[in-house]
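Heavy atoms only: backbone and side chains are in, while hydrogens, waters and symmetry mates are out. If you read the sequence from its start, that first residue is 1, and numbering goes on from there.
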Amino acid sequence: MSQSDPREPVTLLLRDLRSKPGGLPSREAARRLEIYGPNELRRKQRTDWPRQLVRQFTHPLALLLWLAALLALVSSSTELAVAVVAVIVLNAAFAFTQEQQAEKAVEALSAYLPARATVLRDGTRTAVEARDLVPGDVLVVEEGDRVSADARLLDGSVEVDLSPLTGESLPAYRSAELKDVTGPLLDARDLLFSGTNCTGGQALAVVFATGMHTELGKIAALSQRVGRDESPLEKQVKRVAWLIAAVAVGVGVAFLPLGAFVAGLPLDDALNFAIGLLVANVPEGLLPTITLALAVGVRALARGGAVVKRLSAVETLGSTTVICTDKTGTLTRNRMRVTRLWTFAGELTGEEPGTPPEPARALAEVVSACSNAELDPSDPGAEGSGDQTEIALLRAARSLGEDVSPERRAGHRLRQFHFDATLRLMSTLDRRGDRTVLNVKGAPEAVLERATTYLPSEGGPQPLTDTERARVTEVIDRYAHQGLRLLAVATRDVGGDAADARRAELERDLTLIGVAAMIDPPRDGVPEAVARCHSAGIRLIMVTGDHALTAGEIARKIGLARDHPTVITGDQLAELSERELESLLEGERELVFARTSPEVKLRIADALRAQGNVVAMTGDGVNDAPALRRADIGVAMGVTGTDVAREASTMVLTDDNFSTIVTAVEEGRRVYDNVRKFIIYIFAHATPEVIPFLLFALSGGRIPLPLTVLQILAIDLGTETLPALALGREPAESGVMSRPPRRRSENVITHAMLGRAWGLLGGVSAVLVLGGFFLTLFAGGWYFGAPVGEGTALHPVWQQATTMTFLGIVACQVGTAFASRAQYASLRTVGPWSNRLLLWGILFEVVFSAAVVTLPPLRAVFGTAPPPAEQLAMLVVFPFAVWGIDEWYRWLRRARGRDGRDVLAAPAATG
């Protein structure tokens with residue numbers, strides 16, 4: 001098939017593409033996919049990896065190690081310098097690998113939500129993956145759709161956001177009736193281009209270019225690879241890393257003259273002390289462990305139905321304080337069923353036998369015409385395609401004997417005014433015999449406001465008096481109090497040709513026919529999810545376009561509000577100043593905003609964020625995009641949401657379920673808690689590693705070094721890393737959703753954490769480790785100041801003592817790992833054996849440390865020697881001592897309710 005000219009006459013273009021207005025046969029489309037390949041941009045291999053790798057060698061913790069290697073060279077300890085450089089390389093490789101895996105994990109999430117397009121295949125509407133589009137396919141383009149290929153309009157008109165290609169912020173009007181055969185291709189008013197978004201209207205278009213042959217492909221504009229943002233959490237940790245570096249260097253600089261001149265240490269020993277201090281202060285596995293923990297959180301969320309686009313969103317989820325949620329499809333099932341049809345002739349359930357009255361038949365005729373949904377004529381029980389509300393109305397119309405086939409509808413339709421969230425109306429202009437009729441459906445108040453007549457049980461339209469208006473209002477209120485969703489139906493005979501009339505001129509002087517009442521029951525699990533939000537201190541605000549009474553009743557049913565929810569309508573909200581709105585939003589009460597437009601969401605999000613809240617906002621429409629971008633966490637619907645909303649969001653729900661948002665918040669809290677857990681675990685070992693060097697320096701070398709630098713490296717890189725990674729996979733601690741959200745300004749590393757890590761866990765470990773060290777020395781005949789250098793009689797004893805220190809720290813690591821699993825609860829409630837990865841990590845560190853002590857090649861490298869059996873037996877007590885004292889500390893915290901958390905009030909946190 002030769003390259004077609006997209007601006008040639010439509011008949012010639014269809015001929016060249018070997019297509020027709022009804023689309024391609026499925027078999028032909030499959031054949032063309034083999035020929036043309038998938039409709040996607042082929043990406044050049046990114047070359048960011050060298051920069052990412054260099055970053056691993058230059059972050060502050062790596063710079064500390066570079067300084068240690070330099071000092072080793074200055075002191076002629078070449079072997080030590082080589083070892084430190086090897087650690088830098090290994091750590092960089094490990095961190096780089098984890099970053100790559102994390103980035104790939106985020107990229108792989110596209111498989112959960114492939115871009116989709118609606119096409120005509122075999123003459124019927126079919127949803128396909130956008131990558132399967134081929135030249136000749138006929139696209140159905142509707143409001144909210146992303147245009148997935150370059151296409152020529154065949155029928156209809158749309159407004160399109162061309163900003164991805166042209167930078168133009170205002171939507172452009174494109175119509176099949178407009179022909180531009182000259183000028184730039186992007187300016188042609190009957191062409192659509194890949195990468196743009198439909199913001200209004202409906203049209204059919206034939207695809208003439210896909211993949212790299214589109215305009216987007218030709219200019220090679222955008223790789224759609226998800227970039228890896230550095231999260232606020234990682235930024236905080238990096239700041240802490242610089243602080244650690246500054247402290248380590250400062251202490252080293254301070255102790256060098258103290259050790260050399262005051263304590264009388266030789267220069268080599270003073271440099272050894274400085275090297276040991278630097279190495280002991282470096283938590284090598286910290287940054288890659290955080291990256292991996294965030295990536296694991298992203299993957300866990302995806303499996304649970306929440307696709308997060310970037311790593312940084314995981315931690316933000318955990319601090320969410322307010323969730324602003326839609327009602328339909330999120331809190332409710334979005335499985336509409338018409339339960340009542342009210343007209344001035346009475347009420348129908350849609351199931352009564354016999355011939356329906358004339359107003360009911362008129363209502364069925366209007367909802368059949370004013371619709372874009374389709375029902376399967378061969379299977380009455382099938383779901384249908386299109387908007388769920390329209391599907392429910394079509395089913396009701398079909399039960400009344402109306403022909404709801406899309407062919408009949410298309411044959412009569414002259415024009416369509418798509419649903420306008422501000423007007424709360426949709427209407428179509430249709431040919432009915434020799435008359436032109438406007439068919440309208442929308443919010444009852446909006447239709448009633450524009451109605452001047454009504455259709456009685458018999459005869460033609462009659463003036464809509466105040467008495468009749470009150471009658472209709474009473475019916476609307478009664479249905480709304482029952483939690484039913486309502487749409488009013490009206491019509492207007494506009495006489496002759498009105499194809500050029502403006503919408504406002506047509507949607508007036510309507511004849512009210514009746515009201516359709518639909519039930520959309522709450523989703524299973526939503527009341528429980530709402531209760532979890534309340535217990536977690538998360539405020540819920542419903543923002544819906546539904547009737548105020550309907551919204552209030554649903555809010556009451558799901559427990560979002562109490563018996564008398566505070567409901568604010570869009571009209572009331574419009575009258576509020578910004579200060580009044582902020583005053584309304586202050587406090588903890590749940591609110592319901594009803595009959596609102598999507599623009600209201602942006603105003604609410606701005607006001608809540610200005611008060612310091614972390615806001616999650618749901619949305620599915622085109623007009624929701626600004627609010628989704630403005631919120632801290634924009635949540636789009638994956639099933640019913642538009643492409644525009646999904647692109648503007650931070651997280652996409654594959655099941656459109658409110659419960660999934662709450663689960664995502666819980667996952668965010670779990671990940672953040674786990675980051676803090678392995679930070680405590682990693683930092684706790686700095687104390688028993690640093691204090692021995694301080695004893696050595698302050699004693700002027702008369703107390704020998706209890707630990708060598710190479711043994712520290714074996715701990716930090718060999719025995720510490722796997723348990724730290726396992727803590728990143730820790731299950732959620734009991735009661736994680738029974739405490740209030742953390743403050744936006746709260747740092748990931750707090751004074752309480754440092755006190756627990758360095759003071760309690762590290763202090764207990766240091767006492768135990770030094771006790772084992774001195775016991776081994778004294779048992780071997782050492783006395784204060786006795787030389788232990790190579791060639792002396794006590795050198796083997798000193799090697800046993802340093803080995804005892806090394807093994808003591810490893811034993812304390814085991815106790816710290818179990819203690820770190822819980823921040824507030826007891827280990828019993830967490831479950832000692834519930835984290836199998838941690839058990840495997842502990843097994844590895846035990847095997848690794850045993851190998852360092854027993855295998856001759858490793859003994860030669862790390863300078864170890866097995867201590868006597870009776871001293872090794874002491875090590876069994878170390879883990880229990882560390883864990884036991886921390887368990888007692890956590891019991892005190894629960895009893896005293898520290899950190900503002902009433903942990904004893906949470907059943908999960910007892911024990």
Salt-bridge present (R333, D520; N to O < 4.0 Å): no
Distance (rounded to the nearest 0.5 Å) between S371 OG and L375 CG: 8.0 Å
Heavy-atom donor-acceptor pair, R32 side chain to P135 backbone, under 3.5 Å: yes
side-chain hydrogen bond (donor to acceptor under 3.5 Å, both in side chains) partners of D155, counting only residues at least two apart: none
Interatomic distance, S175 atom OG to E159 atom CD [nearest 0.5 angstrom]: 11.5 Å
Main-chain N/O of P184 paired with D187 side-chain donor or acceptor, under 3.5 Å: no
Verdict with reasoning, R361 to E365, per side-chain contact (heavy atoms from CB on, under 4.5 Å): CA-CA 6 Å; R361 290 200 300 270; E365 187 174 27; over 6 Å; no
Test item: P521 and I519 side chains (from C-beta on) under 4.5 Å apart, heavy atoms: yes
Salt bridge present between D571 and R595 (N-O < 4.0 angstrom): no
Test item: D624 side-chain N/O and D620 main-chain N/O as donor-acceptor pair under 3.5 Å: yes
Shortest non-hydrogen contact from N39 toward S148: ND2-O, 2.7 Å
Within-4.5 Å side-chain heavy-atom neighbours: W342 and I476: no
For S157, all residues meeting side-chain hydrogen bond (donor to acceptor under 3.5 Å, both in side chains), sequence neighbours excluded: Y173
Side chain to side chain, P6 and L185, heavy atoms closer than 4.5 Å: yes
By salt bridge (Lys or Arg N to Asp or Glu O under 4.0 Å) - contacts of E449 (at least two apart): none
Set of residues satisfying salt bridge (Lys or Arg N to Asp or Glu O under 4.0 Å) with respect to R629, sequence neighbours excluded: none
Salt bridge flag under 4.0 Å for residues R121 and D137: yes
Sidechain-backbone polar pair: T343 side chain, I513 backbone, donor-acceptor under 3.5 Å: no
R424 (side chain) donor-acceptor with E445 (main chain) under 3.5 angstrom: no
Nearest-0.5 Å distance, CZ of residue R340 to CG of residue L486: 12.0 Å
Pairing residues for A548 by the side-chain contact (heavy atoms from CB on, under 4.5 Å) criterion, not counting sequence neighbours: V567, T569, A594
For A151 against L139, the heavy-atom pair lying closest together: CB-CD1, 4.3 Å
Expected output: side-chain D132 to main-chain L33 donor-acceptor under 3.5 Å: no
Student check: side-chain heavy atoms of L400 and L348 closer than 4.5 Å: yes
R152 side-chain N/O to F208 backbone N/O, donor-acceptor pair under 3.5 Å: no
Residue list, side-chain hydrogen bond (donor to acceptor under 3.5 Å, both in side chains) with R630, at least two apart or on another chain: D606
Trace of the side-chain contact (heavy atoms from CB on, under 4.5 Å) decision for D326 with M637: CA-CA 10 Å; D326 289 320; M637 303 298 109; 5.5 Å; no
Nearest non-hydrogen partners of L512 and A488, listed with the distance: CD1-CB, 4.3 Å
From OG1 (T660) to CG (D655), nearest 0.5 Å: 3.5 Å
Under 3.5 Å donor-acceptor, D122 side chain and S26 backbone: yes
Heavy-atom closest pair, residues L24 and E28: CD2-CG, 4.4 Å
D190 backbone acceptor or donor facing R174 side chain under 3.5 Å: no
N439: partners by side-chain contact (heavy atoms from CB on, under 4.5 Å), with sequence neighbours left out: V366, A369, C370, T428, D430, R432, V437, T491
R116 side chain vs A127 backbone, donor-acceptor pair below 3.5 Å: yes
Atom pair CD (E142) and CG (L204), whose distance is rounded to the nearest 0.5 Å: 9.0 Å
Any residue meeting side-chain contact (heavy atoms from CB on, under 4.5 Å) with A397, in chain and number order, not counting sequence neighbours: A364, V367, E402, V404
Side-chain heavy-atom pair T436, R431 within 4.5 angstrom cut-off: yes
Qualifying residues under side-chain contact (heavy atoms from CB on, under 4.5 Å), relative to T389, sequence neighbours excluded: M336, D387, L393, R485, L487, M518
Minimum heavy-atom distance between G638 and D656, given as atom pair plus value: N-OD1, 2.9 Å
side-chain contact (heavy atoms from CB on, under 4.5 Å) between L120 and V140, worked out: CA-CA 7 Å; L120 299 181; V140 180; 4.1 Å; yes
Distance, nearest 0.5 Å, that separates CZ of R450 from CG of L464: 14.5 Å
Counterpart residues, salt bridge (Lys or Arg N to Asp or Glu O under 4.0 Å), relative to K327 (two or more places apart): D546
Candidate pair K601 and C324, rule side-chain contact (heavy atoms from CB on, under 4.5 Å), full reasoning: CA-CA 8 Å; K601 291 183 177 180; C324 297; over 6 Å; no
Student check: side-chain heavy atoms of L510 and L438 closer than 4.5 Å: yes
Donor-acceptor side-chain pairing of Q416 and N372 below 3.5 angstrom: yes
Side chain to side chain, R503 and L423, heavy atoms closer than 4.5 Å: yes
Residue pair D403 / S368, side-chain heavy-atom distance below 4.5 Å: no
Minimum heavy-atom distance between R7 and A188, given as atom pair plus value: CD-CB, 4.2 Å
Which residues share a salt bridge (Lys or Arg N to Asp or Glu O under 4.0 Å) with E505, sequence neighbours left out: R502
Those residues that, when tested against Y479, pass ring pair (Phe, Tyr, Trp, His ring centres under 6.0 Å) (two or more places apart): none
